[in-house]
Amino acid sequence: MAPRDLMGAAEDLADQFLRVTKRYLPHLAHLCLISTFLEDGLRMWLQWNEQRDYINMSWGCGMFLTTVFVLVNMFGQLAGCVLVLTRKFVPYACLGLFMIIVLQTIVYNILWDLKFLMRNLALGGGLLLLLAESRSEGKSMFAGVPSAGERSPRQYMQLGGRILLILMFMTLLRYHGGVFEMCQNIFGLTLIILVAIGFKTKLAALTLVFSLMGINVIQNAFWTVPSYRPLHDFLKYDFFQTLSVVGGLLLVVALGPGGVSMDEHKKKW
């Protein structure tokens, strides 16, 4: 089969998948996207004393401030998750969850760890896509009068979200390895570039969803590690962060790339 025929068959398969799942895909995307916030909020609740002691030991700021930090994290994340899942005040929920990301980046010193910083930025990209979904298309300053080449804020949010999402995959690239790892890197880079520029976007994003889920289940199998070992929490954190990025990619599949993309420009050619 010729490469063009193979690509056409893959796109037809992706379109068929979307037709079958279009009613459920956005809900699944939302659930995956907020999963890391939900898990972290519940962890703050269930490990209340451990979290306070850790922050107090790291910063030495006293029990009052550490208690405030844990409370803000717990209620901010759980409330944001409830609002997203119920589709109520989603822009405010996205803003609150984004502020939680910024707060944790500073408090946990993630700012100086490039790998974790890129993953947090990818998580922010997912929230940007969720915010774009919640917005109606931007309106022209002159209501009812179309403008040639006009771009809405939603379209730029989708572009920014796509670009930030691919940072997750940059952390998965293996710079030392054999031929298989090299082929895996080339395959992954090709897909993330396609998502970033918005070319064959739905097919590329859907392929990344299945690829990332496979990697996540294999590399971050926290359920195979006893809960008393520190590795358990580390893998669990990575698993749910990756699952949230999968949710962002599912939003790309469900919504499409938006107006600032090659797929959109192809329609005008």
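Keep in mind the model is a prediction, meaning the values are calculated, not measured. Just so it is clear, the values below take in all heavy atoms, side chains as well, and ignore hydrogens, waters and symmetry mates.
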When the ring planes of Phe222 and Phe240 are compared, do they come out parallel, tilted or perpendicular, using 30° and 60° as the limits?
tilted

Got a sec, which residues hit side chain to side chain donor-acceptor pair (under 3.5 Å) with Thr171, two or more places apart in sequence or on another chain?
Arg119

Output a table of donor-acceptor pairs, distance under 3.5 Å, between side-chain atoms of residues 80-103 and any protein atom two or more places apart or on a different chain; print 'none' if there are none.
from	atom 1	to	atom 2	distance (Å)
Thr86	OG1	Val82	O	2.7
Thr86	OG1	Leu83	O	3.3
Arg87	NH2	Glu133	OE1	3.4

Could you give me the CA-CA distance, side-chain angles and deciding distance for Gln158 and Val260, then say whether side chain to side chain contact (heavy atoms under 4.5 Å, CB included) is met?
CA-CA 8 Å; Gln158 288 177 277; Val260 188; over 6 Å; no

Hey, quick one: are Leu38 and Met44 part of the same hydrophobic cluster, counting side-chain heavy atoms closer than 4.5 Å, chains of contacts allowed?
yes

Would you name the heavy atoms of Leu250 and Cys32 that are closest together and state the gap between them?
CD1-SG, 4.4 Å

Using the rule that Ile, Leu, Val, Met, Phe, Trp and Tyr join whenever any side-chain heavy atoms are under 4.5 Å apart, tell me whether Leu18 and Tyr24 fall into a single cluster.
no

Tell me whether Ser244 contacts the main-chain N or O of Thr36 through its side chain, where contact means a donor paired with an acceptor under 3.5 Å.
yes

Side chain to side chain donor-acceptor pair (under 3.5 Å) partners for Gln77, two or more places apart:
Asp40

So do Leu235 and Val225 actually touch side chain to side chain, heavy atoms under 4.5 Å?
yes

Spacing of Thr224 atom OG1 and His232 atom NE2 [to the nearest 0.5 Å]:
9.5 Å

When you group the ILVMFWY residues by side-chain heavy-atom contacts below 4.5 Å and let the links chain together, are Ile218 and Phe169 in the same group?
no

When rounded to the nearest 0.5 angstrom, what is the spacing between CG in Asp233 and CZ in Arg43?
6.5 Å

Could you give the distance from CE (Met118) to CG (Asp113), rounded to the nearest 0.5 Å?
11.0 Å

Side chain proximity check, Phe210 to Val246, heavy atoms < 4.5 angstrom
no

The criterion is salt bridge (charged side-chain N to carboxylate O under 4.0 Å, His left out); which residues satisfy it with Lys200, sequence neighbours excluded?
Glu11

Arg229: which residues meet the side chain to side chain donor-acceptor pair (under 3.5 Å) condition with it, sequence neighbours left out?
none

Can you name the nearest heavy-atom pair linking Leu249 to Leu212, along with the distance?
CD1-CD2, 4.5 Å

Nearest heavy-atom approach of Leu159 to Ala196 is CD1-O, 4.1 Å

Rounded distance (nearest 0.5 Å) linking atom CZ of Phe37 with atom CG of Leu42:
13.5 Å

Same cluster for Leu255 and Leu127 if Ile/Leu/Val/Met/Phe/Trp/Tyr side chains link at under 4.5 Å?
no

About how many Å separate NZ of Lys202 and OG1 of Thr207, when rounded to the nearest 0.5 Å?
14.0 Å

What's the verdict on side chain to side chain contact (heavy atoms under 4.5 Å, CB included) for Ser211 and Ile215, showing C-alpha distance, side-chain angles and the deciding distance?
CA-CA 6 Å; Ser211 174; Ile215 294 172; 4.1 Å; yes

Can you name the nearest heavy-atom pair linking Trp223 to Asn220, along with the distance?
CZ3-O, 4.1 Å

Strictly distance-based, threshold 3.5 Å: is any side-chain N or O of Gln104 a donor or acceptor partner for the main-chain N or O of Asn73?
no

Mind checking side chain to side chain donor-acceptor pair (under 3.5 Å) for Arg162 and listing every partner two or more places apart, or none if nothing turns up?
none

Using the side chain to side chain contact (heavy atoms under 4.5 Å, CB included) rule, take Leu194 and Thr201 through it: C-alpha gap first, then chi angles, then the decisive distance, then the call.
CA-CA 6 Å; Leu194 290 176; Thr201 314; over 6 Å; no

Over all atoms of both residues, closest heavy-atom pair of Met157 and Ala132
CB-CB, 3.7 Å

Co-membership, hydrophobic cluster, residues Leu46 and Leu78, 4.5 Å side-chain:
no

What are the two closest non-hydrogen atoms of Val245 and Leu165, and how far apart are they?
CG1-CD2, 3.8 Å

Passes side chain to side chain contact (heavy atoms under 4.5 Å, CB included), Leu251 versus His30? Steps please.
CA-CA 8 Å; Leu251 277 181; His30 298 159; 4.1 Å; yes

Give, for atom CG of Leu128 and atom CG of Leu121, the distance between the pair rounded to the nearest 0.5 Å.
11.5 Å

Using atom types as modelled and distance alone, determine if a side-chain donor or acceptor of Thr66 lies under 3.5 Å from a backbone N or O of Met63.
yes

Give the ring-plane orientation class for Tyr108 versus Tyr54, where under 30° counts as parallel, over 60° as perpendicular and anything between as tilted.
tilted

For the residue pair Gln51 and Phe69, establish whether any side-chain heavy-atom pair is separated by less than 4.5 Å.
no

